[in-house]
There are 2 protein chains.
Amino acid sequence: MNVGEVAALAGVTVRTLHHYDRIGLLSPSGRTAAGYRQYSPADLTRLHSVLLYRELGFPLEEVATLLDDPSADPAEHLRRQHRLLRDRLERTSAMVAAVEKEMEAHAMGISLTPEERFEVFGDWLPEEYAAEAEQKWGETEAWAQSQQRTRAMTKDDWLRVKAESDDVERRFSEALRSGVAPDSERAMDLAEEHRQQISRNFYDCGPEMHAGLGRMYVEDERFTAYYERIAPGLAQYVSTAVQANAARRA
Amino acid sequence: MNVGEVAALAGVTVRTLHHYDRIGLLSPSGRTAAGYRQYSPADLTRLHSVLLYRELGFPLEEVATLLDDPSADPAEHLRRQHRLLRDRLERTSAMVAAVEKEMEAHAMGISLTPEERFEVFGDWLPEEYAAEAEQKWGETEAWAQSQQRTRAMTKDDWLRVKAESDDVERRFSEALRSGVAPDSERAMDLAEEHRQQISRNFYDCGPEMHAGLGRMYVEDERFTAYYERIAPGLAQYVSTAVQANAARRA
DNA sequence: CTGCGGCCTGACGTCGCGTCAGGGTCAAGC
DNA sequence: GCTTGACCCTGACGCGACGTCAGGCCGCAG
């Protein structure tokens, strides 16, 4: 893909891509004979991360160090991005609530104290500060250990993890075949096991998030295909079980 | 208040306030004999709006035109800010969902298509574009009319609106006095009337938002005081009724 | 072979401040 | 009354992340 196409796809200008090239943040993996920039799928993946981190307020230089850190795998980035986005969500909710409070105060003819009105700005510092905090925390042992564990997944570990999930998937398909209802106790227990497995091995996955994944299993064809290849009807089955389990734990 | 205090309160640097002064975005309403900037409460209010709009991605010059527009009253700004924040909330949710999807895809060993991964960036353009859109839409008649209606609240209109809400508050306090349960049909109907009144006269207030307001009536002393001055126990009563009504309509 | 759109590389402009530099101000303590 | 240290002032330059030309090279449709 050449610059124009990438720019259109990612919703940025060509100039931005030029800039990222010059500062070494994202250099296309190839050039044509005429010097045209050629972007590979891997470049697009990187661009995606760049844009996410940028949106979250990181300076480009820091984005570069984050992405070029050889000790941070893709899953690590996804976890970080997820955390940062959830922070932002929380903060935005707080701001919405603050504005609603002001609306109501205004309607009633009450006026708020300045401290109160700025409090949502005051104790903020998350996104940008998150970078610093992370650097500081990056030095602590707890963090280092958790880093270690996820990063140090050897091929063996991966096979073990894969075996674990294969096991749950197999038991799901057995339950399906033997006519166990997807919203039954047994199916829900399997779903819960699935959730805990994800939390242990990949990322922190609460019931709410798990329910979201469940929906995806039937809404996105690729995830559907993944389960349907194991057994026909399994995607819908797992999806239902997962959502029933989420409802149960809520 | 002088610059340092304001800066600390609002969570910005002194330099930022200097900048806003120079570009005429926010000039303190007074100076001491020695030339020290003196910020009034009104200045703080303006600063608050400035920071909100800035956070939402508006260029400062545009913020200035928004705030200096004599045809936009405070309520108008609150409505706009509320709308923009909700847009942002939606967008951030979409991004969170996208990241979760990628996490799951990654865990399963599936890879997403580039189009898909960028779609949350692609069809975006809300916040910044919102400004443009607003300018374009600002020319349409429908918008102009709705502007007219809210802005054109004369003293008479205000009195009528006030009478309306006084009426509901009075009927609430009657219900309270005569022992009608706050989660009864009657109380909930009053709550619903309250909600529709707000929507008609002030801002669009859905059940969910109304429930939030209800919570505030007991959590924030000023709102509590407002209702308690009408009748003791009314704050809690209205709060319960409002939330019961919200639950009913959900 | 001639447009015409897309790509290239400088190079300068812009926005929203950060960061000194050089100097007055003010409340506190000696 | 005088110093001292924190806070304030006004330039003025710097910087990050691009926007915006300018001048020129592809590439392919007609």
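Because only heavy atoms are used, hydrogens play no part in the values below, and waters and symmetry mates are left out as well, while side chains stay in. Chain letters run A, B, ... following the sequence lines, proteins first and then strands; every chain starts at 1.
- Contact footprint of chain B on DNA chain C: nucleotides with an atom under 4.0 Å from a non-hydrogen protein atom, first to last in 5' to 3' order, C:dG16 to C:dC26.
- Heavy-atom distances under 4.0 Å link DNA chain C to B:A34 of residues 25-34 of chain B, given in residue order.
- With sequence neighbours excluded, the residues forming a side-chain contact (heavy atoms from CB on, under 4.5 Å) with A:A235 are A:T224, A:Y227, A:E228, listed by chain and number.
- Judged as a ring-ring contact (aromatic ring centres under 6.0 Å, His included), and not counting sequence neighbours, the contacts of A:Y53 are A:F58, A:H77.
- Taking the nucleotide of DNA chain D with the nearest heavy atom to each of A:Y36 and B:V14, the more 5' of the two is matched to B:V14.
- Judged as a salt bridge (charged side-chain N to carboxylate O under 4.0 Å, His left out), and not counting sequence neighbours, B:R54 has no contacts.
- Straight-line distance from the NE2 atom of B:H19 to the P atom of D:dA12: 17 Å, rounded to whole Å.
- In this structure, A:T16 contributes its side chain and A:V12 its backbone to no donor-acceptor pair below 3.5 Å.
- You'll find that the side chain of B:R22 is closest to D:dT10, out of D:dC26, D:dC9, D:dT10.
- With sequence neighbours left out, the side-chain hydrogen bond (donor to acceptor under 3.5 Å, both in side chains) criterion links A:T92 to no other residue.
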Can you pull every protein N or O that's under 3.5 Å from an N or O on nucleotides 2-4 of chain D?
none

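- B:R37 pairs by the side-chain hydrogen bond (donor to acceptor under 3.5 Å, both in side chains) definition with B:H18, B:D21, not counting sequence neighbours.
- Projected onto DNA chain C by closest heavy-atom contact, B:R54 and A:H18 fall at different nucleotides, the more 5' of which corresponds to A:H18.
- Rounded to an integer number of Å, the gap from A:I23 CD1 to D:dG16 P is 10 Å.
- Applying the side-chain contact (heavy atoms from CB on, under 4.5 Å) test to B:Q38 and every residue at least two apart in sequence or in another chain returns B:N2, B:T32.
- For A:S29, the side-chain contact (heavy atoms from CB on, under 4.5 Å) partners two or more places apart in sequence, or in a different chain, are A:S40, A:D43.
- With sequence neighbours excluded, no residue satisfies side-chain contact (heavy atoms from CB on, under 4.5 Å) with B:A98.
- Distance A:N2 CG to D:dG27 P: 11 Å, rounded to the nearest Å.
- Residue pairs satisfying the ring-ring contact (aromatic ring centres under 6.0 Å, His included) criterion with at least one member in residues 29-50 of chain A, sequence neighbours excluded, are listed as follows: A:H48-B:F118, A:H48-B:F121.
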